[in-house]
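All remarks here apply to the structure that follows.
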2 protein chains.
Amino acid sequence: MPHGHGHRWGQKLSGCGFRLTVGREAIIDVLSRSDKHLSAEDIFLELHADHPGIGLTTIYRTLELLVQTGIVAKFEFGHGRAKYELTEEYGKKKHHHHLFCKSCQTIIDYSDFMEDEITYIKKTEKGLAKKYDFQIDGHIINFYGLCRACRAK
Amino acid sequence: MPHGHGHRWGQKLSGCGFRLTVGREAIIDVLSRSDKHLSAEDIFLELHADHPGIGLTTIYRTLELLVQTGIVAKFEFGHGRAKYELTEEYGKKKHHHHLFCKSCQTIIDYSDFMEDEITYIKKTEKGLAKKYDFQIDGHIINFYGLCRACRAK
DNA sequence: CAGAAAATGAAAATGGTTATCAATAGCAAA
DNA sequence: TTTGCTATTGATAACCATTTTCATTTTCTG
Ligand SMILES: [Mn+2]
Ligand SMILES: [Mn+2]
Ligand SMILES: [Zn+2]
Ligand SMILES: [Zn+2]
């Protein structure tokens, strides 16, 4: 099997002229196995048992590369550390948005109400693009609040 | 005139047990006079001519207080520095959301399409609150893209 | 005006992320 | 398989917005 064709992400990376390295594979592997939103440090710690040689710097560099190539999505919920998950195209989650607890920082993926949302988003994007002469290529929709456990405190 | 009753924000602050200081007044004044989204440093620089004694630390502390008391809204667009503007209740802008140029970091306030949006938001908030047992008290809706000038480059 | 407590400024600390740079590893070509 | 070029990496230091510390000043009540 030629290089870069073991996975979709491998094809994507080598197709873009990037090399396939053990570090990159390991990082994507951690993201693939998790259903959570991981920080760079989360990934570093998870990896450290099997790959003690992979440094935090490489995690950051790799995540940036994966974001640029559309393999990973980066989220900043305003609590100081970025979180990452595989994109819809490369992961196993379908399109969703986020519900974030301001107290315990739990993140809930939701894909309810998406029909309404798609309708609203499409209309708004088209309208904004025209009115403000913007090329819109993304949006963020987050709801913030308190989960049941944190309300009880 | 009794303390804390010169402005709505003064009433709010002293009503919450906070003191009215020249620094706090000056900071709110800068925000009131601007129609942009200001960073802590923006405010510091703007203030420095008339109030060279007010330090950046106080700006940060005051902004945090104003956010807690609902006088100021804080936004993080993912480019490293938080931006602030008066809330709908204490400023002169009506409810709006943001269009952000990823290249030049221009922020456009838009309030078009708000009817559709309000409908969508209300429905979604209610649905999410019930399904996930969350008390939702805020949301962020940002559209990201490239403005005309940045596309031309 | 005096006293208690809140607020402040200067300076240092924090903490997530990025830049540097010499050493290493991937991969295309031979 | 070996070679050579260069992308990639790890260790370390630097960055930089924001926070903490703490002694001093200011606000506000009585
Ligand atoms: Mn998610
Ligand atoms: Mn705005
Ligand atoms: Zn919670
Ligand atoms: Zn632009």
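Treat the numbers as computed from the prediction; the structure is a model and nothing was measured.
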Figure out the CD1/P separation between B/Ile54 and D/dT26, and round it to whole Å. 12 Å
Any idea how B/His48 and B/Phe44 line up, ring-wise: parallel (<30°), tilted (30 to 60°), or perpendicular (>60°)? tilted
Could you tell me the separation between the CG atom of A/Leu66 and the P atom of D/dT8, rounded to a whole number of Å? 12 Å
Just the rounded figure in Å: distance from C1' of D/dA7 to CG of A/Leu13. 13 Å
Does A/Ser34 reach the main-chain N or O of A/Val30 with its side chain, forming a donor-acceptor pair under 3.5 Å? no
Check: B/His37 and B/Asp109 side chains under 4.5 Å, non-hydrogen atoms: yes
Protein-nucleotide distance (A/Ile27, atom CD1; D/dT8, atom C1'), rounded to Å: 12 Å
Can you measure B/Ile59 atom CD1 to C/dA10 atom P for me and round it to whole angstrom units? 12 Å
For the hydrophobic clusters of this structure (ILVMFWY residues joined by side-chain heavy atoms under 4.5 Å, transitively), does one cluster hold both A/Tyr110 and B/Ile141? yes
Where does the angle between the aromatic ring planes of A/His7 and A/Trp9 fall among parallel (under 30°), tilted (30 to 60°) and perpendicular (over 60°)? parallel
Qualifying salt bridge (Lys or Arg N to Asp or Glu O under 4.0 Å) pairs, either residue in residues 38-61 of chain B, two or more places apart: B/Glu41-B/Arg81
Rounded interatomic separation in angstrom, taking CZ from B/Phe44 and P from D/dT18: 14 Å
Check the distance between C/dC27's C1' and A/Glu25's CD and give it to me in whole angstrom. 16 Å
Rounded to the nearest angstrom, tell me the gap between atom CZ in B/Phe77 and atom P in D/dA17. 17 Å
Classify every nucleotide of nucleotides 15-21 of chain C by which part a protein heavy atom approaches to under 4.0 Å, writing B for the base, S for the sugar-phosphate alone and - for neither, in 5'-to-3' order. -SBBBB-
For the CG atom of A/Leu47 and the CD1 atom of A/Ile59, what is their distance to the nearest 0.5 Å? 5.0 Å
Show me the protein contacts with nucleotides 4-6 of chain C, counting only N or O atoms at under 3.5 Å.
{"unit_1": "C/dA5", "atom_1": "N3", "unit_2": "B/Arg19", "atom_2": "NH1", "d": "3.1"}
{"unit_1": "C/dA5", "atom_1": "N3", "unit_2": "B/Arg19", "atom_2": "NH2", "d": "3.3"}
{"unit_1": "C/dA6", "atom_1": "O4'", "unit_2": "B/Arg19", "atom_2": "NH1", "d": "3.3"}
{"unit_1": "C/dA6", "atom_1": "O4'", "unit_2": "B/Arg19", "atom_2": "NH2", "d": "3.3"}

Have a look at B/Phe100 and tell me which of B/Phe75, B/Phe143, B/Tyr144 forms a ring pair (Phe, Tyr, Trp, His ring centres under 6.0 Å) with it. B/Tyr144
Using side-chain heavy atoms (C-beta onward) and a distance below 4.5 Å, is A/Thr119 in contact with B/Asp116? no
